Structures are given as structure tokens and as C-alpha cells.
Amino acid sequence: MRIFFSLFFLAFPVLLFSQKNKQVNSAKEIDYNSTYNATDSIKKKKAPEATYDMYQIVTLDRDTTYIDTTQSIRKAYGHNYLRKDIFGLLRFPNLGQTYNTLQYGLNGFSAYPEFGFTAKQFNYMKAHEVRYANVATPVTELYFKTTIQRGQSADSYFTLNVSPRLNFSISYKALRSEGRYINQESKSGNFKFTTSYNSKDGRYIANMHYMSQKIDNEENGGITNVEDFTSEDPSFDNRARLGVYFEDANSVLKGKRIFLDHAFRINKTKGENNLYITDQFSYDDMYYNFNQQTIASSVDGESIIRFGESFVTSNLNNTTNYNRMYNKLGAVYENMTLGKFTFFVDDVRSNYFYNNILYINGVTIGNLLSQKINTFGGQYNYSKDKWNGKFLYSKSVTDQNLLNLEASATYDINDENKLSVAYQSMNKLPNNNYNLFQSSYREYNWSNDFVNEKINSISATADTKWVTLSMQLNTIQDHLYFTDKDALTRNDTTQIVKPYQYNSSINYASLKVAREFVVGKFALDNTLLFQKVDQSDAILNVPEFVTRNTLYFTDTFFKKNLFFQTGVELNYFSSYYANTYNPMIGEFFVQDNVKIGNYPLLDFFVNAKIQRTRIYLKAEHFNTLFSKNNYFSDANNPYRDFLIRFGLVWNFFN
């Protein structure tokens, strides 16, 4: 409740001191440049009012959208912990936990080596995901949603322009959710501060942000006896009675970042030909910690060690440290007819390290991966009339053999129809935790020298007023993955996971179709995904079919002051060998023992909007009240049970 009251007291002064004149809506209402007669002492002065296009949200690539306070089924899809549509992701039992990935290629690829521990990073905001603002008046947005037992999820955002050219924003997203199972509490905090500046003559532009993020999870390793859950024994309706592998384990991912992206135009006046100098700098400092007080677990009265033999008998505490500095210097030639030509060089320096060097069975496990990568490249951007295009090429001049080639084009037929195509080819350096890892568990120590992954991807999208179609074709060579295939004992109680590299090629294809049918006040929104993988071994596993279908009713009441939606949402995916989460390494691993899927997830919802307050009420997974207990997020973690949740998003334009 502390988070809820904090949001209330943050909003109260805004309500108390907000302007009395007509509110600013997301739809255009009045002219920002409207004036009044300053010499008239009798008539009330009319203050200038802002239009919707004066509330801008800007990406790092200078793409601009506007603050949207409307309500729709699409906005409802994004009312969740990640604040975005999570089609293609499968939630775990508690909020703040990881997600299983149903749709491969959901995120783009980066050729640079990353920290790793990717299962912990769904809520860890990357630099390119940060948005900057430019607003006519101060803006506040408050997000709130109930969680699973003893907790709240909240996100507070405030931005203002102290001048037409200087903007500041500050936000904090916090979560606490206890969950229904033993040792499953989630806590997280994401603090973000941004500033944007444009000089009066337009020659200099800068975007800067600072972020501090922490994702803290109690880790129970899943339930020890799946049959206790699937048997539907009423004594286990209280999920805290189900046995779990760990009752005192915990994982923490924590990081800080400072980021600056700025550009300076050489010529004083912008003309047909312009020359810019650009620079982008970032510094990240991160660590991942897994700690466990009690090593042995009790499974059906038998004492087992889940991750194999350990060097310690209690108080296990493993920490992986990482820091990374990135600097990119570029020169841009802009011709208003031909487009932009960019030439750049960048410098990446990173350290991935532990405190000790280990010697295990005559094998040395080092404590440091220190990398220095320098690349050069060029980029071409074209934007004119209905065409937008981009071509990017970069290659390392150091020994890592990094290569990245991207090409994309978009054609806007009209306001309702758009076609786009993209191609990417890269030599991707392995994430650091594939090549080096240390742990107090004997089998969780390795030092490798994997070669680069080779990824080729082509995608095409047709976004029309009738239907949205998107296709993706990927070819992956030397794919890196984690698996338990060399476990000392192949059973359900021991989990020995290591990284491997697949020497054969993997071919992946997907087709995604989205279409909404509207009849009067009723609508059926559909998103269907078809996937196929061609491979010699079951390494890249995804469900062949994923669907989301939402049938809903929309109307307005009280002289159109209340916008109202209600309906049922169905999510479904076909059965497949889903990857399983391992909290020791903070990653999912490939397994071929257990299939999940082929069960419906039904949610009943009510969405409403009053002025700029969007309200959400949802009965999640209500079909558990009458269906079998066959729903899982991975081999050892059941999906969420029936739950009623309430939330809202509240915007203020001062």
C-alpha cells in the first residue's frame, strides 16, 4: 500500500494546483499560438493552450510520436509489468519473474558481446529503448496495478520543458509481489532520468539519460513433484503446500548506466547541404548474484543437490561482475535531395570478471574476459515523399571478426497502408557467460572459446487497413545455447546445464497475421503466429502455432463521458519442448523431456476511460475454475492460477 499512497500524494498537488481552464486532450483542440489583448483590463486574459502535437515522445533515432491518452484494446494489451504488448511471451507464476519466449526473433540481434543472464533482463531497459520528451506543459503519468498477494506494481513518470529547447523527465517503476508458492517473492526498481536539449539556432542537439535498475527474485527452482499439481488434489489448492527445490535461494541483477548522444552542425545555417559531427557515449556497470543458504533440497523425503556437487556446504554466494564503455564518433553529410551519409568509428571496452582464478581437475578457469573492439562503418538514410530507407555496414578492425550489414525500406502507400522489408546479416560475438562462468557448484564452471554466430535474417511486413501480415526468415549457423544433455544423471531432480555450440545450420520461418473484425459495437481482434524450424537436432524449439483472439463490446455512457469495453481474451499455443529456466545461470536451457502447451488461457476484462484516466479490471485465467491443472510456463513452473486484478493509468497535463 505504500506505493499506492505515494502515487496518490504525488498526484494530489497536481490536482490541487492544476489550471482551471479547459483541459488539453490527446485530440487537437486549440491553437498554441492563440493570443489575448494585454491592454484590456476588463476582459479576462485568455491563456495560450496546447495542442496534442506539442506533447512529443522522441526515440534515439529521432522518430516522433505523441502522448496518447485514448483507450483501446491495443492499449489494454500493454497494461502489464513490462508496459508493452507481450504477445509471444509466456508469463511465469509470479509478476516480476522471467518469461518463456514463444516467438523466436521477437527482439533484434546485436553483433556485440553482451553480459548474458538474458532470462533476468526482460524488465532491464536498454539504452535504445529509452524515450525522450518535448512537451508544452508539465506532464505526469501514474500507472498502478495490483499483484499476486502482498504487493503492488507502480510506475510514476513526470516531464517538463523548462524552456522550449530544454526538457527533463524523471520516472520510477517499482514492483513487489509475494506470489503463491514458497520462496517466490519478486521485487524490482527502475529509476530513469533523462534530459534533452536543442540550441536556439538548431546547430546542437543532445539526449542524455541516467538509469539505475535492480531485479530481485526469490528463486525456488520450480515444484519438486509435478504430479502433486496435476493430480488436482484439493489439499494442494493452497500452492504454498507444493514442495519446491529451494526455500532460501535468491538472484539479483543490478546495473547503472550513463548515456549521452549528441550532434553538432558545422554550417551555421541549415541549407540544402549540411555537415554534422556526432558522438554517442555510454557506460554500464552491472552484476548478477545468486545466493543460496541451504545447498541440499528435500524431494519426496530424499536429500538431493539440484545443481550437482558443491564446493561449499552452505551459504553459497556467486557474483559475476561486468562493465562496458562504448564510444561512437561519426561525421554526417546531409543532402536534402539525396539523403544522409554517415561515416563512423566506435570503440567498445568491457570487463567481465570474478574475484578468483579456479583450478578444477587440472583445468584452469580464469577470472577475467577483457575485450577491446574497434569497428568502422557507414550508414545511408533516405526519406522523401512516401519512401524511407536505411543501409548500414560495420566491420571490426580488431581481431574479433565482427560484421553487421543491415538494409531496410518502407513505402507509405497512404495513411492506412504501408509496406516494409528488411535484411540483416551479421557475425555475432558470443555473450560473455557462454565463454566464462564460475560457481561454487563444481559442474557450473567453464572456460570456452566459441566462434561467432552467423545470422541472416529477412523480414517483410504489409500493414494495411484490412490485415497486417509479417514474415520472417532466419538462417543461423554456429548457434549458441544452454542444455542439460551431459547431466551426470538424467532425471528430474538433477539439473546440470552447460553452454554448447551447434555446428549445423538452423532455418526458421514465421508468418504473423493480425486482423480485427468489427460489427456494430462488437469486435473480434485476432493475432495468429505460424512458425517452422528446419534443423537436424531439436535445438531451437518453438510452438508451431500461437494465437490471441479477443471478443469484446465497446460503448460510451453518461453523455460520452465514460468509454467502456468488456470482453474475453483467449491465448493459446501448441505443445512443444519448451526451454526451462535455470536461476543459477539466469538463462533458459534446451530440454527434450517435457512438453508444455495445448491449453487455453481465458481472461475476462473490463476497460474504461473517464477523461484521461484509463481503468482496467481483469479476471485472469478464469478457466482454471473448471479446467484441468495442465498449464505450465516451463517443465517445473506452473502457469498462473485464477486471479482478479485492478489497475489504472492516470495522465495530468498541468
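Everything numeric in this text was worked out from a predicted model, so none of it was measured.
A distance of 6.0 Å or more separates the ring centres of Y382 and F391. For F341 and Y380, the ring centers sit closer than 6.0 Å to each other.
Ring pair F92/Y581 is perpendicular by interplanar angle, where above 60° counts as perpendicular and below 30° as parallel. Using bins of under 30°, 30° to 60° and over 60° for the plane-to-plane angle, the ring pair F307/Y444 lands in the perpendicular bin. Y112 and Y326 have perpendicular rings, their planes meeting at more than 60° on a 0 to 90° scale where under 30° would count as parallel. Aromatic ring pairs are classed by plane angle as parallel below 30°, tilted from 30° to 60° and perpendicular above 60°; the pair Y354 and F437 is perpendicular. The aromatic rings of Y322 and F115 lie parallel to each other, their planes meeting at an angle below 30°, with 60° marking the opposite boundary. Ring geometry for Y502 versus Y481: interplanar angle over 60°, hence perpendicular rather than tilted (30 to 60°).
Side-chain contact, Q472 with S459: no donor N or O sits under 3.5 Å from an acceptor N or O. Side chains of S188 and Y81: a donor-acceptor N/O pair is present below 3.5 angstrom, by distance only. Remark: the N134 side chain and the N161 side chain contain an N/O donor-acceptor pair separated by less than 3.5 Å. Judged purely by distance below 3.5 Å, without hydrogens or angles, the side chains of N318 and Q438 never pair a donor atom with an acceptor atom. T461 and D463 form no side-chain donor-acceptor contact under 3.5 Å, judged by distance and modelled atom types alone. Under 3.5 Å, the side chains of Y204 and N198 contain no donor-acceptor pair of N or O atoms. Side-chain atoms of D285 and N323 form no donor-acceptor pair, as typed in the model, at a separation below 3.5 Å. Judged by distance alone, the side chains of Y441 and E309 never bring a donor and an acceptor atom under 3.5 Å apart. Defined by atom type and a distance below 3.5 Å, a donor-acceptor pair is missing between the side-chain atoms of S510 and Q103. No side-chain donor-acceptor contact under 3.5 Å links D537 and Q535. A donor and an acceptor atom, one from each side chain of N291 and N289, are located under 3.5 Å apart. A donor-acceptor contact closer than 3.5 angstrom links the side chains of N474 and S457. Between the side chains of S425 and N456, at least one donor N or O lies within less than 3.5 Å of an accepting N or O. For N388 and S383, the side-chain atoms include at least one donor-acceptor pair closer than 3.5 Å. E587 and N433 are linked by a side-chain donor-acceptor pair at a separation below 3.5 angstrom, with hydrogens and angles left out of the test.
Remark: K254 fails to qualify as a cation-pi partner of Y287 under the 6.0 Å distance and 45° angle criteria applied to the six-membered ring.
With D85 contributing its side chain and F87 its backbone, the two residues share a donor-acceptor pair below 3.5 Å. N190 places a side-chain N or O within 3.5 Å of a backbone atom of N123 that can act as its donor or acceptor partner. When atom types are taken as modelled, the side chain of Q121 and the backbone of G116 share a donor-acceptor pair closer than 3.5 angstrom. A side-chain donor-acceptor contact under 3.5 Å links N100 to the backbone of N579. Judged purely by atom type and a 3.5 angstrom limit, D385 has no side-chain atom pairing as donor or acceptor with the backbone of W387. At least one donor-acceptor pair under 3.5 Å links the side chain of N452 to the backbone N or O of N401. Using a distance-only test at 3.5 Å, with no hydrogens or angles considered, no donor-acceptor pair links the side chain of R442 to the main chain of S440. Of the possible polar contacts, one joining the S633 side chain to the R91 backbone as a donor-acceptor pair under 3.5 Å is found. Not a single donor-acceptor pair under 3.5 Å links the side chain of T475 to the backbone N or O of N507. The backbone N or O of K372 lies less than 3.5 Å from a partner atom in the side chain of Q400, making a donor-acceptor pair.
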Walk me through it: do D534 and K532 pass the test salt bridge (Lys or Arg N to Asp or Glu O under 4.0 Å)? CA-CA 7 Å; D534 180 20; K532 194 69 177 178; over 6 Å; no

Could you give me the CA-CA distance, side-chain angles and deciding distance for F482 and Y434, then say whether ring-ring contact (aromatic ring centres under 6.0 Å, His included) is met? CA-CA 8 Å; F482 291 94; Y434 283 107; 4.6 Å; yes

Step by step, work out the salt bridge (Lys or Arg N to Asp or Glu O under 4.0 Å) result for R257 and D284. CA-CA 5 Å; R257 179 194 312 117; D284 293 83; 3.0 Å; yes

Using the rule given for salt bridge (Lys or Arg N to Asp or Glu O under 4.0 Å), can you reason through R62 versus D261, listing the C-alpha separation, both sets of side-chain angles and the distance that settles it, and then say yes or no? CA-CA 11 Å; R62 312 290 191 262; D261 181 84; 3.6 Å; yes

Stepwise, does the ring-ring contact (aromatic ring centres under 6.0 Å, His included) test hold for F193 with Y210? CA-CA 5 Å; F193 171 81; Y210 169 80; 8.3 Å; no

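Exactly one of T375, N327, N374 qualifies for a side-chain hydrogen bond (donor to acceptor under 3.5 Å, both in side chains) with D346. That residue is T375.
Within 6.0 Å of the NZ atom in K395, the count of heavy atoms belonging to other residues, nucleotides or ligands exceeds 12. The environment of NZ in K454 is crowded: more than 12 heavy-atom neighbours from other residues, nucleotides or ligands sit within 6.0 Å. The number of heavy-atom neighbours closer than 6.0 Å to CG of D449, taken from other residues, nucleotides and ligands shown, is 12 or below.
To the nearest 0.5 angstrom, S394 atom OG is 8.5 Å from L405 atom CG.
L95 and S186 make their closest contact through O-OG, 2.8 Å (heavy atoms, listed as atom of the first residue, atom of the second, distance).
In this structure, the side chains of F122 and I86 stay at 4.5 Å or more apart for every pair of heavy atoms. Residues L358 and N445 are in side-chain contact: their nearest non-hydrogen atoms beyond the backbone lie under 4.5 Å apart. Counting heavy atoms from C-beta outward, M211 and V130 have side chains that approach closer than 4.5 Å. Put simply, the side chain of Q477 does not reach to within 4.5 Å of the side chain of E453, judged on heavy atoms. Counting only heavy atoms from C-beta outward, the side chains of Q97 and N217 approach each other to under 4.5 Å. T64 is not listed as a side-chain neighbour of I57, based on a closest heavy-atom distance of 4.5 Å or more.
Salt bridge R83/D155: present, at least one basic N to carboxylate O contact under 4.0 Å.
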